Amino acid sequence: MSRIEACPACASPALEPVWRVPSVPVHSCLMVDSEAEARAFPRGELDLVFCPACGFLFNAAFDPTVQHYSPAYEETQVFSPRFLRFLAELCEDQAAAYELRHRLVVEIGCGKGDFLVALAERTGCRGIGIDPGFRPERVASPAASHLTFVRDLYGPTWRRLAPDYLVCRHTLEHIGPVSAFLRTVRETVGERPETVVMFELPDLRRILIERAFWDLYYEHASYFTAGSLARLFRRERFSVHALRRCYDEQYLVLEARPAPGPTAPSLPLEDDLAETRALIAAFRSGIAAKREGFEERLAAWRAEGRRVAIWGSGSKAVSFLAVLGLGAEIAAVVDVNPHKRGRWLAGTGHRIVGPDDLPEVRPDVVLVMNPIYLEEIGRDLAARGLAPELVPMR
Ligand SMILES: [Zn+2]
């Protein structure tokens, strides 16, 4: 696989190196069944480069052929009450904005179907969900009788679906050739001006501000700010009418309709190119210190004999452990998703434990990979008679 030499969003060849990690696991949410398999997990290179012309950041060493999304992929966050509340709010918001009853909703990358099922329950829409990781046994809702799930990767085969509403959450960032992908989405929508598309994905702006290197990993080939996302949609013949940050500024939500040709920027959040360039420069100069700061804290905890656990076994944990090369320094990796308990973390081979296993581990420090869950994690620990120091990742 050769290096990507032009911006996948705007085709500009003038790219700037930002950050490189020579060897990281190519997947972070694929569950593995043994420590040996976890340690031998395929690795790839993270070579993040920035396009100053459009504000897009991507992995120039990304090779999609090493990615294998399957039912063994555990991305769902619905075991967190905080996340469930967010999903319900998003559903409510979309139901209020658009009339979806009896309409056809298509969800690209529907995962286990959580959002599509919730939307169908709330609005009475019909729906088609497409995802290679779909698990039919996880759907238990009467609304599912109006839904069809296809265990497949979305691509040109699905361009004739003609939906009234197309949703794609936390999927675009896994795609390398983003403009080609959006062209297929535009074809799927067709010349039906009332069709709405809604995309949700992580916001690069917060990652840059916090120098959150644990939010940069192989599964995510593509990183957008509000502006670079809107610019891509406008270039690919969409008219963007809503753009916002949500979930403590961690995610972006974009809503658009098809247009006959490229469209011009009109929303306040789009004008972020100068800010993004400055944030990239600050990230580049500040990332070494950020990393060293964590190394020093971990060394201090080790010297004090304190047991450190990580809460959250998703991509953030895999990336954090890989970048810092951590192994036995971390006593446990905890996750509330019962389907992850007893499985193994790709790369370092930590065994994933559930909250109920923690009284045995007795951690002194818990690194909270996503600070938005701080409150519920504190409650979960207190309920088990534990009061370790909680350290939110920032
Ligand atoms: Zn570009």
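Hydrogens, waters and symmetry mates play no part in the numbers below; they use all other heavy atoms, side chains included. All values reported here derive from a predicted model rather than from experimental measurement. Atoms within each ligand, like the ligands themselves, are counted from 1 in listed order.
Enclosure of atom CG in Asp356 by more than 12 non-hydrogen atoms of other residues, nucleotides or ligands within 6.0 angstrom is indicated.
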* Verdict with supporting geometry, Asp164 and Arg101, salt bridge (charged side-chain N to carboxylate O under 4.0 Å, His left out) -> CA-CA 10 Å; Asp164 299 299; Arg101 190 171 169 77; over 6 Å; no
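In this structure, CD1 in Ile280 is found 4.5 Å from CG in Leu208, a value given to the nearest 0.5 Å.
A salt bridge is defined here as a Lys NZ or Arg NE, NH1 or NH2 lying under 4.0 Å from an Asp or Glu carboxylate O, and Glu35 with Arg351 fails to meet this definition.
Relative to the six-membered ring of Phe213, Arg291 misses at least one condition, a distance below 6.0 Å or an angle of at most 45° to the axis.
For the ring pair (Phe, Tyr, Trp, His ring centres under 6.0 Å) with Phe62, the qualifying choice from Tyr218, Tyr217, Tyr223 is Tyr218, the only one to do so.
Inspection of the environment of the Zn ion (ligand 1) yields the following protein N, O or S atoms under 2.8 Å: Cys7 SG, Cys10 SG, Cys51 SG, Cys54 SG.
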